[in-house]
Amino acid sequence: MVKITYISHDGEERVVDVQPGLSVMEGAKRGGVPGIDADCGGCCACGTCHVYVDGNRRDRLSAKKEDEEAMLDYAERAGPSSRLSCQIKVTEDMEGLIVRTPKSQH
Amino acid sequence: MTVPAHVPPELVVDVDIYNIPNIPDSDPQQAWRIFKGRGPLVFSPYNGGHWIATNSADIFEFYRDAARFSSRQIVVPDHPGAPLLPIMADPPDHSEYRRNVMTIFTQAAVDEISDDIRELAIAMIEDVKPNGGCNFVTDFGLQLPLIVFLRMVNLPPEDRLFLRRLIETYSSDPDMEAKKAVSIELRDYLEGWIRKRMESPGDDIISHVIQSKKDGRPYTHEEVVGTTTLLFHAGLDTVANTLGFMALHLAGHPEDRDFIRCNPDKMHDIIQELLRRCTVANQSRVVAQDTSHKGVLLKKGDRVTLPGSLFNLDGDVAPDPDRVDFSRSCPHITFGAGPHSCAGARLARREIAIFLEEWLARIPDFEVDDTRPLRMHAGLTNQVEELWLRWPVS
């Protein structure tokens, strides 16, 4: 299991043990973390699982694909640290990853 | 009646999805349960014959599995006319079609028209308020999304009733001839506007679609027609019915009305739960290759209807699913799931929020007028056709 910390827009922290192979979005859903809607169910089609990734483990993440870049244009208040959490596959070396959820996904 | 040889007779349910029997004291979302209880997949012999998935987990999985369940057709029996885009395209073609449409519904674009929508909603509510009652469907539910959409496409607002009739026939009449007739009418109407916008492009959605590209080339005429037609279907029908079901729920639940007025900061969860309970769309898919699911053989070309109503009202998704509870956060597929989940969801949510805020601020107490007819039906699109409300006038 890999520990991932989800921090809400108003600072509430939740640490979830996520099974490698799942996505950061699925980890949030299974762990009951609010703030990630994932309307499309995790296929990079809706932009509602947007998170900001803290710098500490950002280099462990695979690069964004073209689809994700395009969908981030649609997501609310996206910035340089923005990712779609359905596109981040959790791997063992991501232990301690911190992601922040936006105030709203819509 | 069509039952192919590979369909076990015990899985055939003698119900037409366009004519699901009304059950007293139940609504169209609940009416879909008539298909439950005989296994994860049952077969309706009407509309060309098609499967219906009945379990929430299967419905969700099938919507997401575009490789096994193609969107080549999304309604039974068939969509007559140019394929609706992006929804009737499969990956990988689908991605670019979808991106071209999603740029219409960015945060900035929806923010830009929100004040306009609010002003319009307030004017419509103030208009009916002194009367102490209204037919919610024609006086508000239909008007708001239609006028908003017609403004976005920059078409004459007085065309809305004509367009509404076309869309209603399309989504609730199973007769292919009737569907074809309105599809031709709609196509003629849209083609007229497409020609005008090609001559003098503007800052509107039709002009945007005309300028769209696929694989570096401009859209073909069929692609422009297919995209604008889908935007019409999506913009003119779904929000109207969603607002109708929400108004019906609130009319019978004063405690929910109070909660919404007193908790503006919880609007996100409120809307999620209302969306879950007020499912509208129940689409279909086409089996892409022979496959077996939980012991049932699905043959290539078979149609499978995936009722959003059965997902959202499944006890596995929400305990005591018929109840509306704003303190919980249950998933829903009111906007679909998978690659085709609703691209206009942001605009829809905004319209719903504005309706809730402005209606309840002006007409906090209202009920169903039981001296007038309440007409609704389950189908491809669950519809509220007539809903009379009344309220005290000071």
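Every chain is numbered from 1 and lettered A, B, ... according to where its sequence line falls, protein lines coming before strand lines. Treat the numbers as computed from the prediction; the structure is a model and nothing was measured. For the numbers below, each heavy atom of this structure counts, side chains included, while hydrogens, waters and symmetry mates do not.
Between atom SG of residue A/C44 and atom CZ of residue B/R98 there is a gap of 9.5 Å, rounded to the nearest 0.5 Å. Interatomic distance, OG1 of A/T48 versus CZ of B/R349, reported as 7.0 Å (0.5 Å rounding). The SG atom of A/C43 sits 10.5 Å away from atom CG of B/D65, with the distance rounded to the nearest 0.5 Å. Atom SG of A/C40 sits about 11.0 Å away from atom NE2 of B/H340, to the nearest 0.5 Å.
No donor-acceptor pair under 3.5 Å is formed between the side chain of B/Y63 and the backbone N or O of A/G41. Listed for the B/R346 side chain is a donor-acceptor partner under 3.5 Å among the backbone atoms of A/Y74. Without hydrogens or angle criteria, B/R99 side chain to A/M71 main chain gives no donor-acceptor distance under 3.5 Å.
Interface residue A/A75: only backbone heavy atoms are found under 4.5 Å from chain B. With a 4.5 angstrom heavy-atom cutoff, B/S95 touches chain A only via side-chain atoms. With a 4.5 Å cut-off on non-hydrogen atoms, B/Q272 touches chain A through its side chain but not through its backbone. Heavy atoms closer than 4.5 Å to chain A are found nowhere in B/A66, neither backbone nor side chain.
A/D37 places a side-chain heavy atom less than 4.5 Å from the side chain of B/H268.
At most 12 heavy atoms of other shown residues, nucleotides or ligands fall within 6.0 angstrom of atom CG in B/D203. By the neighbour-count criterion of 12 heavy atoms within 6.0 Å, atom CZ of B/R72 is sparsely surrounded, having that number or fewer from other residues, nucleotides or ligands.
Between A/D39 and B/S341 the shortest heavy-atom distance is O-CB, 4.3 Å.
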